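Step one of this worksheet: look at the structure below.
Chain identifiers are assigned alphabetically (A, B, ...) following the order of the sequence lines, protein sequences preceding nucleic acid strands; residue numbering begins at 1 within each chain. Computed from a prediction, not measured in an experiment: that's the story for all the values here.
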2 protein chains.
Amino acid sequence: MLTQQRKAHILAVLKDTGQVVAKTLSEQLNLSEDTIRRDLRELAAEGLLQRVHGGALPASPALADFSGRQAIATDGKKAIGRAAAAMIRPGQVVFVDGGTTAVQLVRHLQPGLEATIVTHSPSIAVELVAHPGMTVEMIGGRLFKHSVVAVGASAIESIARFRADIYFMGVTGIHPEIGLTTGDSEEAVIKRALSRHAAETIVLASSEKLGAASPYVILPMNEAQGLVVERSTAEETIAAYRKAGMTVTKA
Amino acid sequence: MLTQQRKAHILAVLKDTGQVVAKTLSEQLNLSEDTIRRDLRELAAEGLLQRVHGGALPASPALADFSGRQAIATDGKKAIGRAAAAMIRPGQVVFVDGGTTAVQLVRHLQPGLEATIVTHSPSIAVELVAHPGMTVEMIGGRLFKHSVVAVGASAIESIARFRADIYFMGVTGIHPEIGLTTGDSEEAVIKRALSRHAAETIVLASSEKLGAASPYVILPMNEAQGLVVERSTAEETIAAYRKAGMTVTKA
DNA sequence: CTTGACTCTGCACGAAGTTGCACGCTTTAT
DNA sequence: ATAAAGCGTGCAACTTCGTGCAGAGTCAAG
């Protein structure tokens, strides 16, 4: 059996049943668990599934619902969220994007901290109900269901009323030459507006985003000042971003 | 069963019912209570839930409050929600208030129905992500954490841009002489604005609200056109509201 | 045809993670 | 006040993990 076939099979089972177990697969395919584990590791590195002890779970947001996704947020995203949360100083006004990494950010906000969070994500808003120190300002607009964020002209208009100290931006791709990209044009517009109304834009990028590009360009790289990546990211990967003038933080 | 799945399951149950019991979980999942307790401890350490003797509750007191309230949504509230959802015609623009009864409303929206829901509640917005037919417009503003809704001047301003067919209003009291009341002055202002920008205002009132009054008056009774109450409500209780010109629907 | 580089696979082994049980303590209910 | 239920800890058995290594197969240059 060819490696590619095997991997395709694993992904098919995963899609079908919502989980795979290393041992079961090895028996089904008549291969050692080592080989399966290697496959799983590689598929995980490609972001096609999420590795867990004993097997793997879907990585694709579509399969697990939003809260499910959050439960299985990778350690990397958690670390990035924590590092970003630590950057917020008391009294600051902060734009927080939608997305799973941003949820991790608000979950790791220091309990005593007092600041203002401005967000166009209802999920983030609901999450912040738990934090007594945070004043929350919601940006309204038409709900873009895929990402669960407000978009549209009225959102842009609302954003223009704020002047934030920091904007924590989520992206689906950050490429040294192409810049910051995302998968929806409306979202790109919103992100651009948020960046324009913040003194500093910090990009939160889990490892699978580095070097990737999506259809819609948000901004060229040099318009973002900071980048937070996982601790395990290779120095040579980071170098290109530093060269573009970004301050790179390893979470 | 994989550890991560188990944790996801626990969080799902927690979100659904507002509480989990260690013993019940161990029976459901066929695992020792020790393992469940360990999971609960770890999830608590991550801040994803709040550990209590015997089981766990949602992470924050505020959220516990909210999802707990939802968990105990009575059959009455569900029925009211279903009856209200049935009033919406295709293509209409509908204001939906925050609150537990409103959550029941959106949960009972007919799957195929296409309409526009305008809401100042992030919880309602998140809930509607699951409904493909609904266009959702979010009203932004400062988040009033107790009720998890947007309030303030910018919310009022956003509301003024809409002209809805129906407004489903939640209240904490509806009294034949005092009128419609709620527990917060800011919320009262918002509800007033929503009512003013809707052709028709329908009050959703579970039985404990009937004949009750809270500190802040939203509107006199005659400014609301409809009232949805539980089926079991006594006719003589309803009579006073009919007299005030309201169309009363028994759910 | 032979050789060497490369890839893939399975095995061995030590490290790490997971689970159920026993024990003694704390909390809750009666 | 007493019993029962729930809790945390330490421990032992077991599973899973990652890595290094060796054998088998593939391919192309010589």
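- Salt-bridge formation is not detected for the pair A/E33/A/K23: no Lys NZ or Arg NE/NH1/NH2 atom is positioned less than 4.0 Å from an Asp or Glu carboxylate oxygen.
- Atom-to-atom, CD of B/E42 to P of C/dT19 comes out at 9 Å; the value is rounded to the nearest Å.
- Think of the region where chain A sits on DNA chain D: with heavy atoms and a 4.0 Å cut, that region ends 5' and 3' at D/dT16 to D/dT19.
- Heavy atoms of other residues, nucleotides or ligands lying less than 6.0 angstrom from CZ of A/R242 number more than 12.
- Distances shown here put a side-chain N or O of A/T35 below 4.0 Å from the OP1 or OP2 atom of C/dG10.
- The residue B/V21 sits apart from the nucleic acid: no heavy atom pair falls under 4.0 Å.
- A straight line from CG of B/N30 to C1' of C/dT19 spans 14 Å, rounded to a whole angstrom.
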Look for any protein N or O under 3.5 Å of an N or O in nucleotides 12-14 of chain C and output each such pair with its distance, or none.
residue, atom, partner, partner atom, Å
C/dA12, N6, A/D34, OD2, 3.2

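- Of the options A/V136, A/I124, A/L128, A/L194, a side-chain contact (heavy atoms from CB on, under 4.5 Å) to A/V96 is made by A/I124 and by none of the others.
- Between the NZ atom of A/K7 and the P atom of C/dT7 there is a distance of 13 Å, given to the nearest Å.
- A heavy-atom distance below 4.5 Å is not found between the side chains of A/I139 and A/T119.
- B/I238 has its side chain within reach of B/K250: a pair of non-hydrogen atoms, C-beta onward, lies under 4.5 Å apart.
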Protein-proximity profile, nucleotides 23-30 of chain C, B/S/- by nucleotide at the 4.0 Å heavy-atom cutoff, equals ----SS--

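- Residues A/S214 and A/T182 bring no donor and acceptor atom of their side chains to less than 3.5 Å of each other.
- For A/E114, the CD atom is loosely surrounded, since the number of other residues' heavy atoms within 6.0 Å does not exceed 12.
- Residues B/K77 and B/T100 have side chains that bring a donor and an acceptor to within less than 3.5 angstrom of each other.
- We find that CZ of A/R38 is positioned 6 Å from C1' of C/dT9, with the value rounded to whole Å.
- Between the C1' atom of C/dT9 and the CZ atom of A/R41 lies a distance of 13 Å, rounded to the nearest Å.
- In this model, no donor atom of one side chain and acceptor atom of the other lie less than 3.5 Å apart for A/T116 and A/Q92.
- Within 6.0 Å of atom CD in A/Q110, 12 or fewer heavy atoms from other residues, nucleotides or ligands are found, so the atom counts as exposed in its surroundings.
- A heavy-atom distance below 4.5 Å is not found between the side chains of B/V20 and B/L11.
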